[in-house]
4 protein chains.
Amino acid sequence: MNENKINQRRSDIIEAAIQVFSEKGYHATKISDIAELLKIGHGTFYRYFKSKFDIFNAIADDLILHVGQMVTTEAPTESNSLEDYRAQLNRIGKSLFDIFMTDIRIFRIAFYELLGVDATLNEKLENAIKLFDLYTEQYLINGVNKCFLRPDLDTEVIAKAVNGMIFVSCKAVLDAEDKDAAYQRWMNSVSLLMLDGMALRA
Amino acid sequence: MNENKINQRRSDIIEAAIQVFSEKGYHATKISDIAELLKIGHGTFYRYFKSKFDIFNAIADDLILHVGQMVTTEAPTESNSLEDYRAQLNRIGKSLFDIFMTDIRIFRIAFYELLGVDATLNEKLENAIKLFDLYTEQYLINGVNKCFLRPDLDTEVIAKAVNGMIFVSCKAVLDAEDKDAAYQRWMNSVSLLMLDGMALRA
Amino acid sequence: MNENKINQRRSDIIEAAIQVFSEKGYHATKISDIAELLKIGHGTFYRYFKSKFDIFNAIADDLILHVGQMVTTEAPTESNSLEDYRAQLNRIGKSLFDIFMTDIRIFRIAFYELLGVDATLNEKLENAIKLFDLYTEQYLINGVNKCFLRPDLDTEVIAKAVNGMIFVSCKAVLDAEDKDAAYQRWMNSVSLLMLDGMALRA
Amino acid sequence: MNENKINQRRSDIIEAAIQVFSEKGYHATKISDIAELLKIGHGTFYRYFKSKFDIFNAIADDLILHVGQMVTTEAPTESNSLEDYRAQLNRIGKSLFDIFMTDIRIFRIAFYELLGVDATLNEKLENAIKLFDLYTEQYLINGVNKCFLRPDLDTEVIAKAVNGMIFVSCKAVLDAEDKDAAYQRWMNSVSLLMLDGMALRA
DNA sequence: GATGAATGAGCATTCATTCAT
DNA sequence: CATGAATGAATGCTCATTCAT
């Protein structure tokens with residue numbers, strides 16, 4: 001069997017596994033569920049993955065890889081003005097939404113399942129989040145350096161808070177019926193919160 | 001055995017269950033783990049709770065109840081100026097931290113375990129969050145009405161975004177060594193983000 | 001449940017396990033076979049033994065213990081003449097036959113199953129045999145010292161050869177219909193071989 | 001593919017199987033282990049042997065055949081004196097050692113694996129041993145008839161006892177570092193035991 | 001009420017064997 | 001003929017739950 005077919009089958013199994021994991025959760029998912037979905041023998045699963053945990057790990061790694069790639073695409077020091085920054089924020093938000101919107105099920109796994117399955121996975125997710133936090137902080141530091149963000153920002157803490165908002169946004173947009181409209185609403189509000197605050201200014 | 005003793009034992013079991021669930025997670029927790037911790041027979045467990053799921057549900061209900069109570073303590077319409085509002089924000093934040101700081105294990109369960117165990121529980125948590133979002137929105141609406149918050153706020157979306165930040169904050173503070181210091185840093189940054197934004201103003 | 005009942009049940013399971021192992025062999029024995037024989041749930045088995053290997057090990061240890069006890073009962077330096085020695089040989093042979101005759105199935109396990117299941121078990125059996133060889137050698141050395149056995153005996157090798165004969169004898173006697181008669185025949189021949197040899201002397 | 005090639009491949013597979021069976025034991029040996037050793041597809045195995053059991057049987061048959069051939073090479077009635085007999089004993093012992101020394105792995109299979117795999121195989125081995133016992137008995141009877149062995153020998157029993165010693169010897173020699181030296185020691189002791197006995201004679 | 005012995009449904013995983021290519 | 005992907009029967013083991021004592 002050629003390389004392509006093997007990879008195809010592997011992908012099919014991952015695809016089916018994502019489906020079942022996102023529907024039933026890790027623990028309630030039986031290998032036979034995944035196999036049945038593909039109409040293959042459940043022994044076949046084990047030709048492609050070592051164990052149930054193995055495939056879950058593979059899915060998690062994929063997810064984390066995607067997020068990592070996304071985050072590194074934009075250079076943190078690129079923007080030189082508040083306007084640049086707003087635009088950049090928009091691009092980042094868009095990419096993140098795109099990643100998850102491609103497959104809502106992945107997001108569901110990331111948030112409903114990744115934690116609590118296994119200490120290793122917890123750590124993996126924590127590290128991914130930490131990485132994401134660091135990148136966000138770079139943007140903030142850049143803004144402070146370029147003098148378009150407040151000089152007294154607690155960048156470490158604010159980076160995490162901002163990312164918290166972003167994750168909530170992702171979830172909300174993905175749960176919305178009209179995702180484009182939701183995306184606009186959230187983007188506007190998040191960017192308002194981040195840059196301008198809610199207080200009415202004279 | 002009188003009513004009191006029964007309730008005492010029930011509480012003991014819940015206490016032990018919280019301990020074990022937060023350490024091992026729902027699926028890895030065995031009823032016998034809980035029983036052993038209390039030095040009772042594991043058959044006894046079933047005289048107080050119908051099933052493993054039953055007690056987990058009870059814990060979740062408790063948690064959600066606490067959050068609900070906290071939220072309703074403050075009247076959303078109380079503050080009349082930005083200063084009042086800042087103060088109120090601080091009180092709300094404090095209460096929330098207090099709930100979770102009383103028992104970090106509860107928080108761990110809420111975030112690491114509640115999701116993914118069962119669809120019913122997911123829904124319950126979603127509802128609690130929705131409730132919390134609604135309350136937060138009331139504060140925003142009050143601020144808009146009283147003219148100390150921007151009139152064009154998308155209160156529904158912003159409420160959710162703000163709550164997202166708050167949850168991230170709770171996690172961060174609880175994970176910190178010096179929780180009081182962390183609380184101050186986070187409270188300052190979150191309230192800055194909420195009210196003033198990061199942009200440097202001329 | 002009191003200690004006695006627990007031990008009783010444990011013994012019952014061992015008894016049933018010996019039965020099934022000796023009939024079907026280790027690998028072909030299913031835990032459920034053992035459980036069915038006792039009309040107990042197969043989960044019950046695991047209350048008394050950690051695993052299939054665990055109980056097999058327990059049986060092996062028992063067997064080895066018995067042999068060890070038997071061997072140490074007779075003092076190797078007791079006999080002072082060829083006549084004493086013949087008598088002692090008879091006693092030793094008798095004990096060994098007794099051990100195995102109590103339960104032919106144990107013997108079958110020792111010879112048909114103990115080897116090849118697991119390296120640890122192989123080693124255990126080898127050690128038991130080595131021990132037995134050493135004891136036998138003590139008897140030979142005593143005989144040489146007391147001058148009723150040839151001074152040029154290669155005691156190490158001969159001890160092993162003698163024990164080889166003894167094991168073959170055990171097997172033969174146990175397989176015989178009339179075990180008492182068979183015992184007599186074998187005992188006579190083995191002791192003749194050991195002490196006098198087959199050659200006709202002038 | 002011509003007959004020769006087919007037989008060659010069959011032999012190769014048997015050779016590899018002996019290797020793996022003797023290393024891992026029957027049950028722990030996977031068909032794919034054998035195939036991998038030969039760098040052939042494991043499906044190919046089934047073109048030459050019906051099943052895992054089939055090849056094991058073939059190996060066992062081979063082994064038994066070899067022993068049979070060896071035993072029949074020497075005519076039991078050849079020796080006419082004790083001296084002849086001693087010499088013949090040496091030749092027989094030598095051939096037996098040779099068979100097994102050619103391939104220690106075969107011996108390991110014979111002793112560690114043949115028993116306990118399957119009732120049919122057990123019976124086969126028993127028959128081979130029985131055959132060997134019968135031949136040995138012929139030598140004894142010849143010795144009695146030719147009056148160089150005691151007239152009162154229980155030839156049936158003694159044949160078996162002697163063979164027991166011989167098997168133990170084989171094992172010991174094969175396990176020894178210096179096999180030639182070991183062979184000498186064992187041969188001397190066994191032949192002493194057989195013909196002369198251990199007792200010191202005046 | 002308390003206990004913990006008994007239970008068996010349930011599931012991950014292995015591997016001999018088949019058969020389409 | 002050779003291959004190795006696919007298969008699924010088979011089994012050890014866990015643990016929530018029951019119930020006799």
Side-chain angles (χ1 to χ4, degrees), chain A residues 1-2 5-6 8-10 13 27-36 38-55, chain B residues 1-2 5-6 9 27-36 38-56, chain C residues 1-2 5-6 8-10 13 27-36 38-55, chain D residues 1-2 5-6 9 27-36 38-56:
Chain A
M1 190 181 266
N2 67 48
K5 272 200 176 172
I6 290 180
Q8 182 54 49
R9 170 68 42 116
R10 212 184 130 92
I13 294 176
H27 288 99
T29 294
K30 288 172 277 178
I31 295 301
S32 58
D33 293 332
I34 298 172
E36 260 166 42
L38 293 169
K39 310 277 178 218
I40 62 173
H42 64 276
T44 306
F45 172 91
Y46 288 93
R47 294 189 56 76
Y48 296 87
F49 297 93
K50 241 180 43 257
S51 67
K52 183 178 170 180
F53 182 64
D54 185 38
I55 194 174
Chain B
M1 189 180 271
N2 65 46
K5 274 200 174 172
I6 289 180
R9 165 110 347 154
H27 288 99
T29 293
K30 289 174 276 179
I31 294 300
S32 58
D33 293 332
I34 298 171
E36 257 168 45
L38 292 169
K39 312 279 180 214
I40 62 172
H42 63 278
T44 308
F45 172 90
Y46 287 91
R47 303 198 60 77
Y48 295 88
F49 297 93
K50 240 176 53 252
S51 67
K52 183 178 174 181
F53 181 64
D54 186 38
I55 194 174
F56 194 70
Chain C
M1 190 181 266
N2 68 47
K5 272 201 176 171
I6 289 179
Q8 182 55 48
R9 170 69 42 116
R10 212 185 129 94
I13 294 176
H27 287 99
T29 294
K30 288 173 278 177
I31 295 301
S32 58
D33 292 333
I34 299 172
E36 260 166 43
L38 293 168
K39 310 278 178 217
I40 62 172
H42 65 276
T44 306
F45 172 91
Y46 288 94
R47 294 189 56 77
Y48 296 88
F49 297 94
K50 244 181 40 258
S51 65
K52 183 178 172 180
F53 182 64
D54 186 39
I55 196 174
Chain D
M1 191 181 271
N2 66 45
K5 273 199 175 173
I6 290 179
R9 165 117 336 160
H27 288 99
T29 293
K30 289 174 275 179
I31 294 301
S32 58
D33 293 332
I34 299 171
E36 257 168 45
L38 292 169
K39 311 279 180 214
I40 62 171
H42 63 278
T44 308
F45 172 91
Y46 287 92
R47 303 197 61 75
Y48 295 87
F49 295 93
K50 238 179 52 254
S51 67
K52 183 179 173 180
F53 181 64
D54 185 38
I55 194 174
F56 195 71

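Numbers restart at 1 for each chain; the letters A, B, ... are given by sequence-line order, proteins then strands.
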Dot-bracket notation for DNA chain F, counting Watson-Crick and G-U pairs under 3.5 Å, with | for partners on another strand:
.||||||||||||||||||||
Spacing between C:Lys5 atom NZ and E:dG4 atom P, to the nearest angstrom:
15 Å
Whole-Å gap separating P (F:dT17) and OH (B:Tyr48)
18 Å
Using whole Å, report how far CZ of B:Phe45 lies from P of F:dT17.
8 Å
Under the salt bridge (Lys or Arg N to Asp or Glu O under 4.0 Å) rule, what pairs show up with a residue in residues 44-55 of chain D, not counting sequence neighbours?
none
Protein-nucleotide distance (A:Gln8, atom CD; F:dA5, atom P), rounded to Å:
15 Å
Would you compute the distance between atom OH of B:Tyr48 and atom CZ of B:Arg9 and round it to the nearest 0.5 angstrom?
5.0 Å
The criterion is side chain to side chain donor-acceptor pair (under 3.5 Å); which residues satisfy it with D:Glu36, sequence neighbours excluded?
none
Nearest-nucleotide check on DNA chain E, B:Ile40 vs C:Lys39; residue mapping nearer the 5' end is B:Ile40
Distance, nearest 0.5 Å, that separates CD1 of A:Ile55 from CZ of A:Arg10:
7.5 Å
Spacing between C:Ile13 atom CD1 and E:dA6 atom C1', to the nearest angstrom
11 Å
Between atom CD1 in A:Ile55 and atom P in E:dA12, what is the gap in whole Å?
12 Å
Here the pair of heavy atoms bringing A:Ser32 nearest to A:His42 is CA-CB, 4.3 Å
Could you grab the distance from atom CD1 of A:Ile13 to atom CD1 of A:Ile31, nearest 0.5 Å is fine?
9.5 Å
Return the polar atom pairs (N/O with N/O) between nucleotides 14-16 of chain E and the protein under 3.5 Å, or none.
residue	atom	partner	partner atom	Å
E:dA16	OP1	D:Thr29	O	3.3
E:dA16	OP1	D:Lys52	NZ	3.3
E:dA16	OP2	D:Ile31	N	3.0

Between C:Arg47 and E:dT7, is there a side-chain N or O to OP1/OP2 distance below 4.0 Å?
no
Rounded to whole Å, please give me the gap between CZ in A:Arg9 and P in F:dG4.
17 Å
Separation of E:dA6 atom P from C:Phe49 atom CZ, nearest Å, is 13 Å
Interatomic spacing from NZ in B:Lys30 to CG in B:Asp33 - rounded to 0.5 Å:
5.0 Å
Can you list the residues that meet the ring pair (Phe, Tyr, Trp, His ring centres under 6.0 Å) rule with A:Phe49, with sequence neighbours excluded?
A:Phe45
